[in-house]
Protein chains: 2
Amino acid sequence: MKPNQIMKHLPHKTIERLSQYRRALLICLDSGKTHIYSHEIARIQHITAVQVRRDLMLIGYTGTLRKGYNVKELIDLIGQIIDATEGINVAIVGMGNLGRALINYFTGKRSHLSIVAGFDINPDKIGNTMSGVPCFGIDEMESVIKRLDIRIGIMTVPGDFAVEVADKLVRAGVKGILNYTPKPVNVPKDVYLEEYDMITSLEKVAFYVKMHEEEA
Amino acid sequence: MKPNQIMKHLPHKTIERLSQYRRALLICLDSGKTHIYSHEIARIQHITAVQVRRDLMLIGYTGTLRKGYNVKELIDLIGQIIDATEGINVAIVGMGNLGRALINYFTGKRSHLSIVAGFDINPDKIGNTMSGVPCFGIDEMESVIKRLDIRIGIMTVPGDFAVEVADKLVRAGVKGILNYTPKPVNVPKDVYLEEYDMITSLEKVAFYVKMHEEEA
DNA sequence: ATAATTTTGTTAAAAAAATAACATTGTTAA
DNA sequence: TTAACAATGTTATTTTTTTAACAAAATTAT
């Protein structure tokens with residue numbers, strides 16, 4: 001099967017794990033490790049070795065029996081599968097704490113994804129650069145996004161602005177949105193939307209903590 | 001089935017959605033809406049009405065035919081299912097941008113979860129309060145967590161400190177950890193661990209953006 | 001040289017989750 | 001009054017995801 005065909009049939013969860021495998025592998029590479037076993041990857045990610053092998057099977061990678069997987073080769077292959085051939089430019093809308101946290105997460109990481117612009121309504125921030133990322137006004141969004149060929153927008157504004165910002169991003173031509181706002185938004189179906197809600201995650205942890213306590 | 005028995009059989013995904021339903025319902029309540037249809041909830045969350053009804057069936061809630069669900073009642077019932085009877089205290093380890101972002105998300109929200117302490121290594125932060133949350137030194141973690149009866153820890157430190165902080169939290173007696181660090185950690189099995197990685201989410205969005213562009 | 005071991009790759013089965021199908025029942029309208 | 005409608009509640013089916021089972025092969029040990 002051609003790489004192009006492989007990609008279309010990868011389970012969503014496998015995509016997520018491949019990204020995580022790669023990150024673990026990059027750390028291994030830095031520490032001078034050349035090969036790694038499926039169960040080593042599994043242990044790092046809290047999953048089973050079978051799952052790792054199955055994922056790698058899906059992307060058509062073959063390890064060496066008894067030596068495991070070649071770290072460098074695997075990193076490259078995962079890149080061929082999940083990365084775009086050219087880099088993708090990303091914008092952050094909302095240069096508050098969360099926006100800046102994300103920028104700091106990314107700077108320094110070698111990646112095909114580049115955060116090239118931030119947007120905010122605070123006049124004190126507009127015109128400055130934060131951790132190397134220039135901050136523009138929200139009203140400049142459409143023009144800047146088009147000029148810089150930005151294709152993904154990360155929303156880190158307060159919930160009340162979520163819907164408005166999502167609409168602006170879509171109008172500007174963005175093809176993917178990552179919404180960290182506590183408010184769900186709607187986008188046309190040619191725009192990929194991923195929403196993550198920190199409160200939900202915390203409430204989920206609290207639920208299982210409670211459950212565990214009650215059964216004790 | 002007793003509420004206690006219901007809880008044990010709820011799918012993980014249902015737990016997450018219940019938390020989201022409640023948040024949507026609270027907004028409805030504020031806007032004066034007394035009843036809501038399954039398809040209205042579904043639309044907000046980008047899921048199907050069937051899924052909503054199924055989730056509510058699982059927690060044993062019965063709506064009114066033709067009028068939908070009583071917003072207030074449903075909020076209360078979801079609380080009975082997913083919340084602990086008493087509030088749970090939470091700590092944030094790492095008072096950087098991400099830590100402060102989380103605190104701001106939470107303050108003002110009425111909730112059974114309270115962020116009652118923050119920890120950091122920066123001496124400038126220790127001793128201050130940030131958005132109402134007092135900041136302590138990392139070395140005080142164990143004593144503060146015990147004194148304030150903190151049962152959940154949110155990790156927002158740089159990746160290099162992840163493992164160390166997780167160990168400290170476990171030793172201090174925390175029963176749930178939410179890890180926002182890019183590094184996976186290990187905890188004993190009586191501690192519930194949830195890990196979320198922003199880079200993975202962004203790479204996933206990038207993958208589907210790429211996919212969509214290629215097929216066009 | 002041969003048997004045991006260990007690890008991969010793949011198919012098969014099980015479990016979890018989402019979707020569909022449909023029965024039920026108030027309400028509205030003819 | 002009765003038929004059509006629109007909503008819920010539940011069972012059945014399908015899809016997705018995970019886990020298990022096991023064959024194949026390179027290495028190591030005997």
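Residue numbers begin at 1 in each chain, while the letters A, B, ... track the order of the sequences.
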Point to revise | Arg54(A) CZ - dA14(C) C1' separation (whole Å) | key: 13 Å
Revision key, fill the gap. Contact check, residues 14-26 of chain B vs DNA chain D, heavy-atom distance under 4.0 Å, returns none
Review point. Minimum heavy-atom separation for Tyr105(B) to Pro182(A), with atom names?
Key: OH-CD, 3.7 Å
Practice item. Compare the minimum distances between each of dT11(D), dT11(C), dT18(D) and the side chain of Met57(A), then state the nucleotide with the smallest one. Key: dT11(C)
Point to revise | Under 4.0 Å protein heavy-atom contacts per nucleotide of nucleotides 21-30 of chain C, with B for base, S for backbone only and - for none | key: ----BBB---
Check your understanding: Which one, dG9(D), dA12(D), dT18(D), comes nearest to the side chain of Gln51(A)?
Key -> dT18(D)
Check your understanding: Between dA18(C) and Thr48(B), is there an OP1 or OP2 to side-chain N/O distance shorter than 4.0 Å?
Key -> no
Point to revise | Pairing of Glu194(B) and Lys204(A) as salt bridge, 4.0 angstrom limit | key: yes
**Study point:** Salt-bridge contact Asp76(B)-Lys72(B) (side-chain N to carboxylate O under 4.0 Å)
**Key:** yes
Review point. Counting only Watson-Crick or G-U wobble pairs whose two distances fall under 3.5 Å, which nucleotide matches dA30(C)?
Key: dT1(D)
Check your understanding: Can you list every ring pair (Phe, Tyr, Trp, His ring centres under 6.0 Å) pair that touches residues 76-103 of chain A, not counting sequence neighbours?
Key -> none
Check your understanding: Do Asp160(B) and Lys183(B) meet the salt-bridge criterion of a basic N to acidic O distance under 4.0 Å?
Key -> yes
Review point. Any salt bridge between Glu40(B) and Lys33(B), counting N to O under 4.0 Å?
Key: yes
